[in-house]
Amino acid sequence: MKISDLLSLSFENLRRRKGRTILTIIGVVVGTCSIVVMVSLGIAMNVGFDEMISEWGDLTQIQVYNWTGNTEVPKLDDEMVKTLASIEHVKVATPLYRPQYLNGQLFAGKNDRYQAYAEILGIYPEAAQELEYQLVSGKYLTEASTSGKKLPVLVGQYTGYSFTDTKKRGDSAYRWQGQTDARGNPLDPFVDVEKDKIYFKTYKNEENDEQLSYELDVVGVMLEDYKKGYITSQGVLMDLDLIKKLEKEYMRANGIKDANYDKQGYSEIYVKVDDVDNVEQVEKAIKEYGYETYSMSSERENMQEQSRMIQLILGGLGAVSLFVAALSIANTMTMAIYERTREIGVMKVLGCKLGKIRQMFLLEAGMIGFVGGLVGIIVSYLLSFVLNYFGPMLQGAIMMLPMYGSKMSVIPLWLAALGLLFSTAIGVVSGIMPANRAVKISALEAIRHE
Amino acid sequence: MIKVKHLRKVYRTGKEKVRALDDISLELGKGEFCCIVGASGSGKSTLLNQLAGLEKPTRGSVTIDGENISEMNENQLAAFRQKKLGFVFQSYNLLPTMTALENVALPLMFKGVPRKKREKLAKEQLKKMGLGKRVRHKPTEMSGGQQQRVGIARAFVGKPAVIFADEPTGNLDSHTTVQVMNAILELIREYQITFVMVTHERDLAVCADRIITLRDGKVLRDERIEHPQKAYILPEGEQDSDLDDHSWDEEPDKKKTDTTVELIGQIGQTVHRAKTVQESQNNPNEGNSKGEQGK
């Protein structure tokens with residue numbers, strides 16, 4: 001007996017009992033729908049969390065702190081940073097060093113007409129790229145560029161706007177992003193960071209202290225990205241060694257003494273991991289050294305933990321209705337067997353093997369499951385669309401609605417495929433008992449059956 | 001072809017034992033037409049079921065074409081039936097959802113014959129049975145005689161070695177009995193098929209090569225008929241005027257496209273036929289002339 005014949009026999013059997021078949025299929029549709037839609041709510045919640053978190057910060061970045069004066073925790077010095085950088089899956093580890101003592105301001109224009117208070121941080125030169133600071137122009141810092149008189153720096157995209165005009169008062173002393181003149185033309189900042197000469201000049205603690213002045217060499221302009229911090233907007237990034245050198249020169253010039261200066265470690269460093277999924281593992285390894293860490297990933301873990309629970313509850317609710325659908329498939333098939341006892345007997349007498357009879361019934365049950373699942377998934381997509389469309393409106397009315405991201409229900413392809421597979425499997429499984437019953441029917445009894 | 005050795009079948013009903021078959025030994029040759037007759041309860045259906053492997057014997061063995069079917073399991077039996085056996089049932093046992101063609105092709109489907117080939121074979125078989133125009137009809141759209149002819153076509157389509165028939169004409173009137181019996185006779189002679197038929201009408205047995213009479217589960221008589229009737233005709237007293245009425249086989253009148261008209265016509269005919277049968281029984285001499293009017 002050929003598969004195609006078996007299929008058409010089963011299909012014909014379902015078709016001739018249209019009403020009952022359709023009712024059973026509707027049961028499966030409802031079951032599949034409820035499970036798929038419920039899970040899709042959970043997935044949407046996760047997607048929403050991710051959207052939310054990635055807006056807050058970089059998911060593959062770990063911040064490592066050493067604030068506690070705990071002596072058991074090793075010093076977080078350059079040596080230690082190197083050690084952390086050698087942990088598996090770590091792309092780079094670098095401090096973002098904020099000098100304790102260095103005090104100064106940026107100046108530009110004739111007679112230092114334009115001034116800016118900009119944050120200057122020190123970084124390992126090669127790390128800027130690894131930390132994924134994007135550039136709008138220029139190039140990254142390199143080791144070689146630290147020599148020479150000018151200070152090579154990366155500046156934020158809108159560092160130019162941080163300059164104020166000392167010769168003006170009120171609003172006209174400032175320029176800001178998106179500012180336009182009376183005609184609506186955009187206004188440039190006072191200083192073009194790439195063309196104009198910019199100096200960094202230190203403050204004098206006392207009148208007779210020496211004022212240090214350095215010219216900046218802007219090698220690149222970083223793309224503003226709030227996930228990376230304010231530094232990419234209006235900050236200045238410099239080689240860590242260079243900034244330390246400046247700080248020491250400043251300390252000497254102003255008579256500041258700190259015996260521990262060279263011995264102290266960093267209070268905060270950044271570790272970049274190659275993939276979101278490895279963050280947890282790396283974070284754990286760092287914690288073993290005794291440091292405190294913070295990452296968006298650990299936040300994400302917590303949130304996912306929550307949503308997993310919710311998904312489980314929702315999925316469970318859905319599963320109940322699919323279970324009911326399974327019962328109704330079993331019932332339909334059992335009824336079919338009572339009706340077709342004679343037919344089964346005739347088939348047996350005419351030489352149909354037992355296996356084929358079993359297959360025929362399993363196939364019928366499987367078809368109900370498959371068709372129900374298919375329709376169920378189509379309906380689920382429709383429902384999902386409706387939920388996403390009206391979700392925001394509903395959310396205003398019902399505060400309980402779980403909606404964290406832009407979508408309320410997300411059905412990825414794998415969920416659709418899984419739903420279909422599951423419903424078909426449920427169909428086949430609930431057909432097993434009736435099919436075995438059909439096989440056990442005695443041919444003779446069946447023919448006598450009136 | 002068929003060897004039966006010391007066949008015994010005992011049914012248990014509660015504490016009572018009923019010996020349906022008691023030590024039966026038989027041998028049937030190839031192409032033999034054997035009628036099993038006997039009163040009801042004599043065990044003839046039980047014997048048929050044992051011969052066909054539909055029931056396991058309590059003791060003894062049945063060997064068909066050299067294979068002992070008493071020792072086969074259900075799947076082996078199914079495979080064996082596919083290859084060697086055909087069945088005709090009293091109540092036709094056609095699958096109601098299938099057309100005549102599909103019903104006839106069913107055993108071939110179980111054998112794994114491709115659709116086109118099996119439908120061609122089934123169609124040929126149906127044509128032979130005079131049902132060439134009815135291939136697309138469902139059983140419910142056919143008369144009893146037609147249904148049984150579909151059943152016969154189904155039994156013969158695979159050209160089995162042995163065909164078993166359990167009261168194949170039991171549900172038919174005398175007129176269709178003649179049609180059906182003659183159709184069977186023609187086919188078994190043509191294909192040299194061993195044919196085993198159970199009937200309680202001794203009259204039917206006149207065409208058989210052999211008549212086995214059972215009583216109380218034992219062979220009462222085993223008669224061989226040297227020159228069996230070539231065709232079956234109704235015995236004296238049951239003459240039916242409509243014997244030559246082939247209106248059922250004929251295609252419905254092309255002008256009468258309305259099926260209801262056709263149906264009413266058929267019903268009318270049947271009613272009329274029933275009447276003439278009654279009348280002819282009351283007055284056999286007048287039967288012929290009245291029957292002619294009914295045409």
**Fill in**
Within residues 56-66 of chain B, the residues sitting under 4.5 Å from chain A by heavy atom, in sequence order, are none
**Item:** Top of A:Lys356, A:Met347, A:Glu12 for chain B proximity - count of heavy-atom pairs under 4.5 angstrom
**Value:** A:Met347
**Prompt:** Do other residues, nucleotides or ligands put more than 12 heavy atoms under 6.0 Å from B:Met1 CE?
**Reply:** yes
**Distance-only polar pair, side chains of A:Ser4 and B:Arg115, donor-acceptor under 3.5 Å** = no
**Message:** Using a 6.0 Å cut-off, check whether atom NZ of B:Lys123 has over 12 heavy atoms from anything other than its own residue.
**Reply:** no
**Request:** Against chain A, label B:Leu106 side chain, backbone, both or neither, depending on which of its atoms sit under 4.5 Å from a heavy atom there.
**Result:** side chain
**Item:** Under 4.5 Å from any heavy atom of chain A - which part of B:Pro160
**Value:** neither
**Asked** For B:Ser91 and A:Arg342, which heavy atoms make the closest approach, and how far apart are they?
**Response** OG-NH2, 2.7 Å
**Prompt:** Does NZ belonging to B:Lys218 count more than 12 external heavy atoms closer than 6.0 Å?
**Reply:** no
**Prompt:** How about B:Glu186: does its CD atom have over 12 heavy atoms from other parts shown lying under 6.0 Å from it?
**Reply:** no
**Request:** Return yes if some donor-acceptor pair links the side-chain N/O of A:Asp5 with the main-chain N/O of B:Phe110 below 3.5 Å, else return no.
**Result:** no
**Prompt:** Checking heavy atoms, do the side chain of A:Val346, its backbone, both or neither come under 4.5 Å from chain B?
**Reply:** side chain
**Asked** Is the closest side-chain heavy-atom distance between A:Leu9 and B:Met109 below 4.5 Å?
**Response** yes
**Request:** Indicate yes or no for a side-chain donor-acceptor contact from A:Glu343 to the backbone of B:Leu95 under 3.5 Å, with no hydrogens or angles considered.
**Result:** no
**Request:** Pick one of side chain, backbone, both or neither for A:Ser442, based on which atoms fall under 4.5 Å of a heavy atom in chain B.
**Result:** neither
**Request:** Starting at CG of B:Leu85, measure out to CG of A:Leu350 and round the result to the nearest 0.5 Å.
**Result:** 10.5 Å
**Message:** Given heavy-atom pairs under 4.5 angstrom as the criterion, report whether the side chain, backbone, both or neither of B:Asn75 touches chain A.
**Reply:** both
**Request:** Count the heavy atoms belonging to other residues, nucleotides or ligands that lie under 6.0 Å from NZ of B:Lys3, then report whether that count exceeds 12.
**Result:** no
**Request:** Look at the side chain of B:Arg81 and the backbone N and O of A:Cys352, then say whether any donor-acceptor pair between them is shorter than 3.5 Å.
**Result:** no
**Asked** Side chain of A:Lys353, backbone of B:Ala78: donor and acceptor closer than 3.5 Å?
**Response** no
**Prompt:** Is atom CZ of A:Phe422 surrounded by more than 12 heavy atoms (other residues, nucleotides or ligands) closer than 6.0 Å?
**Reply:** no
**Request:** Count the heavy atoms belonging to other residues, nucleotides or ligands that lie under 6.0 Å from CZ of A:Arg17, then report whether that count exceeds 12.
**Result:** yes
**Message:** Within a 6.0 Å radius of atom CZ on A:Phe385, are there more than 12 heavy atoms belonging to other residues, nucleotides or ligands?
**Reply:** no
